[in-house]
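Comments concern the structure below.
Small disclaimer: the values here were computed from a predicted structure and weren't measured. Only this structure's heavy atoms are used, side chains among them; waters, hydrogens and symmetry mates stay out. Quick note on labels: first sequence line is chain A, next is B, and so on, each numbered from 1.
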Amino acid sequence: MTLFFVLVTIVPSLIALGYLIETDPKRRRAFREPALGHERYIVPPLALLVLPGGATLAAGTFGLFVLWFSTLTVVGWIMAALSPDAWRRIGARLEAWTGLAFRRVEGGR
Amino acid sequence: MLSLKQNVTKRLVAVHGWSGVVLGLLLYVVLLTGAVAVFDYEIATWSTDRVDARMALADNATDIIETALTEVGVSEVERLNVSFAHTGEAVVYLHGLPNPDPDESRSVSMRVKIDPKTGEPTETLVGAEADIFEHQARILERFLVDLHVRLHVPEPWGLFLTGILGLVMMVASISGFVIHRHLFKDLFVPERPGKRLVSFRDRHALAGTWGLPFAVVLAFTGTFYSFALSLGLPVVSLVAFGGDREAAIEAVIGGGAHGEIAPAAMTDLNALIARSEAAAGNKPSPGFQIHHWGLEDGEITVFHSARTGGLLADSRKYALATGEYLGPSIILGQQPSAGAAAVELMAPLHFGHFGGFVSKLVWVGLGGALSFVTITGLQLWARKRQDEALWRFFDRVIGIVGYGLPIAMVGAAYGFFLALALGDPEVWTPWAFIIVSGVCIAVGLAVRRLDLLSAIYRGSLGLGCFCLPLVRLEVGGSGWVEALAAGRPMIPTLDVFFFLTGLGYLVWLARETVLAPAVRAEGQVAEPAE
Amino acid sequence: MSNSDENTTDLDQPSATLRGRLTRRLTGLSDWLNRRPTTVRWVLAGPVVLIVSLISMAAIPFWFPKGAAGVDHLVFPVILFPLIWSAFFFYAVMSDRLLTTSAVLVGAIGGQLALILVMI
């Protein structure tokens, strides 16, 4: 049951975080990624990022909040620590394994 | 992060660096063993490997108490505690019993173990309260936990040492936060390739930034656990109670009523526990504690873990004579208070056990991430000073401790399992740790090439992890089917974890050594921008 | 600094009032501290801060509200010890004025010690 609640709260936050990481200008510069073709949204992904945590607090489930926040710091670190190249390799492997198209968030390519 | 005067920043950088250099390696030991100790219960289950199902308290509590009381020969008990050993037996601790020696006024404690299948007592032990706690079956777990809690340094110095390490961790976290110039700008910038100095800085800063909130939480709560009883209680009892520790404990925890209390019949314990379990969300209780069994003011606290989504334990208190619910159990004082709530919060925030397996897994991740921060910070310091022989040697020492500690922990597990079959695990678990550490240090000093050394370490760690489940099975540990059937999924889970970790290290090693030339030929990494 | 030195160098002058002498003493002390900043800071951030935080822990039970269960004044000093220590430590490291910092820390020791001795 705990696992279910953790997934429900963490997945939206991680999706938002993934967008923020992928579109981060300094990260793109540092790894010679092409400039983002469109405007980078800040408020909607940030809202999506913090909303589940806020919901756990509003519901008074402090255990879930701590769990959401701690998972975010650990998984967020791993997501940020993987270079764009590493993500591409993971994407390619997923693509190969599942046969599904691994759609990238960015519009540049 | 903050804009500071240059000389203030310089001092903070010095504090951050030197606190790490002086105590960072010990901090790493505490952090990594702490990450492992999160699964202390699971390690105990996995290593002692007793799969006998234990009794349900709601069906057997009355019998357990009766058996223990008959065995001891009393009808009233000041304090009584029931829990389960890892061997599946119910363990009853009885405190405040009359001393069998009529000349001695000090009360004694007793431990009675009850077999789950027959309901018969299997072992009775009399002694002082501190001496009768169950240790026997938990040697490997206790060894690792002791390493985390006091680095095996005798009392009270071990606790002082880990308390100081907690303070150092807090200082390093806060100073790191303050001196980081682009905390938010660098939040998503991974290690830039090339293994240059900036790569080491990126690596350390990124992990440190993400780890910051829980580094502070874990350092704070850990310092509390180290200092609360070794330093805080003595100081507070000295000023507030003239040094009377007992009076201080009684004021904080709340002693029972004194004087004559009439005997009374006790309520049906099985029904009471069933009621408590139903009210706590139908989770079986892991044990209970009783004050004044057989007396009219008798009380029972039935332990329950936190509810789904909750942070604090959900234990409940009942009157034993009437069965009336008295409210949630309070760890300090007689009624709810901010102080008791604050102390209660320390446990879930430090141990991460409030959400079962999931939260424990996350806590292992936190511990691992913070160990990584410590090691990369030390590496950064040493790499910055590569032109000095002393710091080149320090760089080597970081590698020796960084890899040596996990290898020695795995070594301790080997020592434990082999001694289980051949000798005394109590002796050989620590010895295996010391011997393997010694070998790691010797190899670390003897092998000149650092890349070769790292390959040797990774190979040993990989092989050690990979073979550990086989050794466990070889010395008579139960198989996966047997363990699953007995309701102990932790045994195959940890086996699989060791298999995969070992395999991961071996594959990583193989890719870097055997396949490295091929990978390199595939394409050069683009030279990164600053 | 140099101004006050000039004003109060001659002890025979009637200008050696109480205020003047105090200023001169403090200036002298400040100079003495500033001549060896590293040592002073080590002493302040090390043993002095440790003593301040230990004495704070011992003094808090006398003024902290006891709370509903009568335990808060005993529990919070123990819980807050790491935070008290960290706060004083960073103050000692980050503050630029050694004289003021020393005065605050020594004052914290003296004041709280007096409180403990009066209350005990």
Side-chain angles (χ1 to χ4, degrees), chain A residues 1-10 16-33 35 40 42 45-46 49 52-53 55-87 89, chain B residues 182 184-193 198-199 202-203 206-215 217-218 281 305-314 345 348-349 352-370 372-373 376 523 525-530:
Chain A
M1 205 53 191
T2 310
L3 182 63
F4 170 75
F5 281 120
V6 171
L7 289 177
V8 165
T9 51
I10 200 67
L17 189 64
Y19 172 81
L20 287 173
I21 291 176
E22 176 73 25
T23 57
D24 182 61
K26 188 162 180 187
R27 180 185 166 98
R28 299 189 73 89
R29 266 202 314 279
F31 284 85
R32 300 261 165 103
E33 296 281 294
R40 184 192 190 208
I42 293 289
L46 263 187
L49 179 71
T56 56
L57 276 184
T61 48
F62 300 112
L64 280 183
F65 173 75
V66 174
L67 206 41
W68 168 81
F69 191 34
S70 49
T71 311
L72 189 67
T73 63
V74 175
V75 182
W77 166 54
I78 295 170
M79 284 170 68
L82 291 173
S83 66
D85 253 346
W87 274 117
R89 278 199 299 275
Chain B
H182 308 291
F184 287 108
K185 263 192 186 163
D186 286 353
L187 198 54
F188 301 134
V189 181
E191 176 185 339
R192 279 163 274 194
V198 68
S199 321
D202 287 340
R203 205 195 263 190
L206 187 75
T209 307
W210 284 92
L212 183 72
F214 281 89
V217 167
L218 292 174
S305 50
R307 281 160 186 267
T308 306
L311 198 54
L312 298 178
D314 201 19
L345 258 180
L349 290 180
H353 52 15
F354 54 94
F357 187 73
V358 184
S359 63
K360 283 183 165 196
L361 206 58
V362 176
W363 251 244
V364 172
L366 290 173
L370 294 174
F372 182 82
V373 176
T376 51
V525 189
E527 195 43 39
E530 279 296 328

Quick one: list whatever passes ring pair (Phe, Tyr, Trp, His ring centres under 6.0 Å) with B:Trp363, sequence neighbours left out.
B:Phe214, B:Phe354
If you compare all heavy atoms of B:Asp186 against all heavy atoms of A:Lys26, which two are closest, and at what distance to 0.1 Å?
OD1-NZ, 2.6 Å
What residue, out of B:Leu349, B:Thr308, B:Val217, has the most heavy-atom pairs lying under 4.5 Å from chain A?
B:Thr308
Paired with B:Val362, the side-chain contact (heavy atoms from CB on, under 4.5 Å) test is passed by just one of A:Val6, A:Ile10, A:Leu67, namely A:Leu67
Contacting region of A:Phe62 [heavy-atom separation from chain B under 4.5 Å]:
both
More than 12 non-hydrogen atoms from neighbouring residues, nucleotides or ligands closer than 6.0 Å to CZ on A:Phe69, yes or no?
no
Can you tell me which portion of A:Ile78 sits under 4.5 Å from chain B's heavy atoms? Options are side chain, backbone, both or neither.
neither
Of all heavy-atom pairs between B:Pro193 and A:Phe31, which one has the smallest distance, and what is that distance?
CD-CE2, 3.7 Å
Given heavy-atom pairs under 4.5 angstrom as the criterion, report whether the side chain, backbone, both or neither of B:Leu187 touches chain A.
backbone
Which heavy atom of A:Ala30 sits nearest a heavy atom of B:Val189, and at what distance?
CB-CG1, 4.4 Å
Least distance between heavy atoms, B:Ala369 atom then A:Trp77 atom
CB-CZ3, 3.6 Å
Using side-chain heavy atoms (C-beta onward) and a distance below 4.5 Å, is A:Thr2 in contact with B:Phe357?
no
Using heavy-atom distances under 4.5 Å, tell me whether B:Pro213 contacts chain A through its side chain, its backbone, both, or neither.
side chain
If you take all heavy atoms of B:Leu366 and A:Ser70, which pair is closest and at what distance?
CD1-CB, 4.0 Å
In terms of heavy-atom proximity below 4.5 Å to chain A, should B:Ala306 be classed as side chain, backbone, both, or neither?
neither
Part of A:Val66 within contact of chain B (heavy atom distance under 4.5 Å)
both
Search all heavy atoms of A:Ala81 against all heavy atoms of B:Pro190 and return the closest pair with its distance.
O-CB, 3.2 Å
